[in-house]
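Reviewing the structure listed below.
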There are 4 protein chains.
Amino acid sequence: MNNRQPKTRIQQKNTLVILEAALDVFSQFGFRGSTLDQIAKTAGMSKPNLLYYFASKEAIHTVLLEGLLETWLEPLHKLDAAGNPRAEILAYVHRKLQMSRDFPRESRLFANEILQGAPRIGPAIEGELKKLVEEKSIVIDRWITEGKIAPVDPRHLLFSIWSLTQHYADFDVQVRMVLGEERPDPFPDAEAFLDTIFTRILAPDQK
Amino acid sequence: MNNRQPKTRIQQKNTLVILEAALDVFSQFGFRGSTLDQIAKTAGMSKPNLLYYFASKEAIHTVLLEGLLETWLEPLHKLDAAGNPRAEILAYVHRKLQMSRDFPRESRLFANEILQGAPRIGPAIEGELKKLVEEKSIVIDRWITEGKIAPVDPRHLLFSIWSLTQHYADFDVQVRMVLGEERPDPFPDAEAFLDTIFTRILAPDQK
Amino acid sequence: MNNRQPKTRIQQKNTLVILEAALDVFSQFGFRGSTLDQIAKTAGMSKPNLLYYFASKEAIHTVLLEGLLETWLEPLHKLDAAGNPRAEILAYVHRKLQMSRDFPRESRLFANEILQGAPRIGPAIEGELKKLVEEKSIVIDRWITEGKIAPVDPRHLLFSIWSLTQHYADFDVQVRMVLGEERPDPFPDAEAFLDTIFTRILAPDQK
Amino acid sequence: MNNRQPKTRIQQKNTLVILEAALDVFSQFGFRGSTLDQIAKTAGMSKPNLLYYFASKEAIHTVLLEGLLETWLEPLHKLDAAGNPRAEILAYVHRKLQMSRDFPRESRLFANEILQGAPRIGPAIEGELKKLVEEKSIVIDRWITEGKIAPVDPRHLLFSIWSLTQHYADFDVQVRMVLGEERPDPFPDAEAFLDTIFTRILAPDQK
DNA sequence: GATGAATGAGCCTTCATTCAT
DNA sequence: AATGAATGAAGGCTCATTCAT
């Protein structure tokens, strides 16, 4: 069963069920800390049946990671050099925060991979991500030169967007524990907060 | 070896060597992804000897975590309600960034624990950390009321400090990969960047 | 599919294809070292389809073995008490060598079974084969008494014929490796050699 | 535990116990047909303890095979070009038969390896064994030229010695079944038989 | 007549832990 | 204070077999 394109409906369904379960487990415990038993149990399937659909534990993990970086890059791709600078950056912040809300497990899967030294996704980071960051940094630098936004290191600006938004996915448990149960959903406040601070950071007429 | 206070020098030394090695390993692979073999090898010790000093794998991990939150809270404790508001907050940012530079493994150990759902450190977060955040939030809120800093959600302000500074430890691999080898040390730029943005965020006379 | 007599042509064909593939695999790796996957792949068939034709892995093996001893005995059966003694024995040697050339896999299947302690074919050996050897030994002993061939232990004579001829099937790999690639077919030389030595062994007028 | 030279007595003992047990099992079922469970049980040890002494199933098998070819070649090495031709060859036959009697499992281990296509010992056969056979074939050819022994293909003569003697180890089960329980030890008769036939084969004054 | 789907049992190996020295 | 020796439990993966279609 190495077919890239599942044929029957049951195959499509089970492949998705497995990936869903694996995302649950890998995003929490990392590759080495996760077991096929956990994934199988979460997927409601026997362990050998898992391996009927994927060749190995590694193969499941690889499939999950393969789609990940692309998904991760996409919001940054949309940053439009021709658009309004501040609006563009704020929109990017919003998109990233939206992803943390909608795909927190993917964010944690990524965080786990990086924490472990990016053994699998490293090449893609040194390749595609680095290239994209350089492209967009040029755009941001131009915006600064044109006086559209306040001067700021474009690379670290991007890092700050990543860390601030992904924090609400990766450290979700901590955020909720600290906020307490009276504030069950941190995202509305987070969105307002990020809006405020990036507006201040980028406002061009400052000293 | 359940003694709280190691007696001989060699015991003290070995205890430290083990904790050092365990920090290396746990911070990279998480609790479940790490093995005693790895720790023993890193510590240059036999596996049974490890367990002569600590009762179990769990025990080593616990000792590491126990000291951790305290270390993590300390810079925030120092935030002085009587000091200059902006200077106090910027100093806190500096201290936290300094910790990311000097103790990146501790930061990753913490990140791993949170990613896994904070099974061990959860109570401390819901207890001490939450309480401290509430205290300091009151201080910050007062500063805002007094017009010393610009209005901002104090809790999310703290989250932003944590995420922005810890990012340089937890995602260090990614940061270095994206910056490339021409910028071998990201921290000086990071410090300047964080200084800039927090100055703008907190500047009181904005709209 | 427990029918002894396959009905349709396609059934007959597939049964043969499976036995052919199984012979390939079993003769090389023995019963326990062989897998249905290997056999199915060699047969160009799915594993469940294999088991549609044969009840189990064991069943395939049994069918192969059942026909085997009969095939193995047949050349000895032909040893004619009324024929010319030396010619009869030499003809038997020839027939056995011919079988090593034409059915090496069957020979190796047999060798594997014996090496493993003859768990399945044991009874047939203690029964039919033993009986046949005793019969023919009496014939050979008579020939010796009559001075037609030189005196020799008839049982060990038969063993020697078996070992010398089957060696060219069972140890084929070694024989070819030792002879090297300049002598691609060992059988012509083997035939001449066996002819020579058995002629000398049986020549009656020796001291 | 990859030390070539076991240090403690218990290590020496256990290493030997394991190799002994592994020889039992591998010689009967081949590499793939054997399980660590069988070996562990035979050795009276737990499976993990086996792997404390040897890195893997493969490693045990390798150690067994490594010593094997050397042991197998040694009797042929002793074939002395300066000795009495017929006596030398008969002595070689005796030595080989003696080995079949004393080390039948080693013989079967070798047979299994060859039957499976010599995947591990192949190189040694194409190397050392082939070279030795060529050397000794030259010696035998000289003996023939000098009229000391009857003309015969020297390579096939060696094959015949191997097959005739090893047969009493590899096919021991069959030999004993055919001879029945009245003749519990086939070796004395075998020795006499081989003596007789090789004497006749090599007698120089024949036509 | 054939195959996709599924699994209990087993296999090799690793792991945390224990015991004896 | 330290390590060689040992193991029950678990982990990833394979295998023969079954079931449904």
Side-chain angles (χ1 to χ4, degrees), chain A residues 1 3 6-11 13-14 32-40 45-60, chain B residues 1 6-11 13-15 32-40 45-60, chain C residues 1 6-11 13-14 32-40 45-60, chain D residues 1 3 6-11 13-14 32-40 44-60:
Chain A
M1 265 275 313
N3 304 330
K7 286 160 192 168
T8 70
R9 269 172 224 152
I10 197 164
Q11 278 185 5
K13 194 200 95 198
N14 278 341
R32 296 184 29 176
S34 303
T35 72
L36 283 184
D37 268 316
Q38 287 177 290
I39 299 173
M45 232 175 266
S46 74
K47 218 174 4 170
N49 203 23
L50 232 71
L51 296 164
Y52 174 72
Y53 288 97
F54 291 89
S56 65
K57 179 184 171 184
E58 177 94 34
I60 306 177
Chain B
M1 261 272 313
K7 292 163 190 168
T8 71
R9 271 177 220 148
I10 197 165
Q11 280 182 350
K13 195 199 97 198
N14 277 343
T15 302
R32 296 183 32 174
S34 303
T35 71
L36 282 186
D37 268 318
Q38 287 176 289
I39 298 172
M45 224 175 273
S46 73
K47 219 171 8 166
N49 203 20
L50 230 72
L51 295 166
Y52 171 77
Y53 287 96
F54 292 90
S56 66
K57 179 184 172 184
E58 178 91 36
I60 306 176
Chain C
M1 261 273 311
K7 290 161 189 170
T8 70
R9 272 177 219 148
I10 198 164
Q11 280 182 351
K13 195 200 96 197
N14 277 342
R32 296 184 31 175
S34 302
T35 71
L36 282 185
D37 268 318
Q38 288 177 288
I39 298 172
M45 224 174 275
S46 74
K47 218 171 11 169
N49 203 20
L50 229 73
L51 295 166
Y52 172 76
Y53 287 96
F54 292 89
S56 67
K57 180 185 173 184
E58 178 92 37
I60 306 177
Chain D
M1 267 275 313
N3 304 332
K7 287 161 193 168
T8 69
R9 270 172 225 152
I10 198 163
Q11 278 183 10
K13 194 201 97 196
N14 278 343
R32 295 181 32 173
S34 302
T35 72
L36 283 184
D37 267 317
Q38 287 177 288
I39 298 173
M45 230 175 266
S46 74
K47 218 172 8 169
N49 204 22
L50 233 70
L51 296 164
Y52 173 72
Y53 288 96
F54 292 89
S56 66
K57 179 185 173 183
E58 178 93 33
I60 306 177

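Side chains included, hydrogens not; waters and symmetry mates left out as well; all remaining heavy atoms used. Residue numbers begin at 1 in each chain, while the letters A, B, ... track the order of the sequences.
- Separating the CG atom of L36(A) from the C1' atom of dT14(E) is a distance of 14 Å, rounded to the nearest angstrom.
- For the pair T8(D) and dA5(F), the criterion of a side-chain N or O lying under 4.0 Å from OP1 or OP2 is met.
- Across all their heavy atoms, S46(D) and A40(D) have their closest contact at C-CB, 4.1 Å.
- For dA5(F), one of the phosphate oxygens OP1 or OP2 lies less than 4.0 angstrom from a side-chain nitrogen or oxygen of Q11(D).
- Among dT13(E), dT7(E), dA2(E), the nucleotide with an atom closest to any side-chain atom of I10(C) is dA2(E).
- Heavy-atom nearest nucleotides on DNA chain F were determined for T35(A) and for S34(C), and the one closer to the 5' end corresponds to T35(A).
- Distance from the side chain of P48(A) is smallest for dA9(E) among the nucleotides dA9(E), dT3(F), dT13(E).
- Nucleotide dA20(F) has dT3(E) as its partner under the Watson-Crick or G-U criteria, with both atom distances under 3.5 Å.
- Side chain of K47(A) to main chain of Q38(A): no donor-acceptor pair is present (N/O by atom type, distance under 3.5 Å, no hydrogens or angles).
- Comparing L50(C) and R32(B) by the nucleotide of DNA chain E whose heavy atom lies nearest to each, the residue mapping closer to the 5' end is L50(C).
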Using the rule given for side chain to side chain contact (heavy atoms under 4.5 Å, CB included), can you reason through I39(D) versus M45(D), listing the C-alpha separation, both sets of side-chain angles and the distance that settles it, and then say yes or no? CA-CA 9 Å; I39(D) 298 173; M45(D) 230 175 266; over 6 Å; no

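- Under 4.0 angstrom from either OP1 or OP2 of dA2(F) there lies at least one side-chain N or O belonging to Y53(B).
- The CZ-P distance, from R9(A) to dG4(E), rounds to 17 Å in whole Å.
- At dG8(E), none of the side-chain N or O atoms of N49(A) fall inside 4.0 Å of OP1 or OP2 (strictly under the cut-off).
- Between the NZ atom of K57(D) and the P atom of dT14(F) there is a distance of 14 Å, rounded to whole Å.
- Taking atom CG of residue L51(D) and atom P of nucleotide dC12(E), one finds them 9 Å apart after rounding to whole Å.
- The nucleotide dT14(F) finds its pairing partner in dA9(E), both defining distances of the Watson-Crick or G-U wobble pair being shorter than 3.5 Å.
- Each of E58(D) and S46(C) has a nearest nucleotide on DNA chain E; the 5'-most of these lies closest to S46(C).
- Side-chain nitrogen and oxygen atoms of Y52(D) include none within less than 4.0 Å of the OP1 or OP2 phosphate oxygen of dA6(F).
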Between N14(A) and L50(A), is a side chain to side chain contact (heavy atoms under 4.5 Å, CB included) present by the stated rule, with each step listed? CA-CA 9 Å; N14(A) 278 341; L50(A) 232 71; over 6 Å; no

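- Judged by distance alone, the side chain of K57(C) and the main-chain N or O of S34(C) form a donor-acceptor pair under 3.5 Å.
- If you check dA5(F), dT17(F), dA2(E) against the side chain of K47(C), the one that comes closest is dT17(F).
- The side chain of S56(D) lies closest to dT13(E), out of dT13(E), dA5(E), dT17(E).
- Comparing dT7(E), dA16(E), dA5(E) by their nearest atom to the side chain of N14(A) picks out dA5(E).
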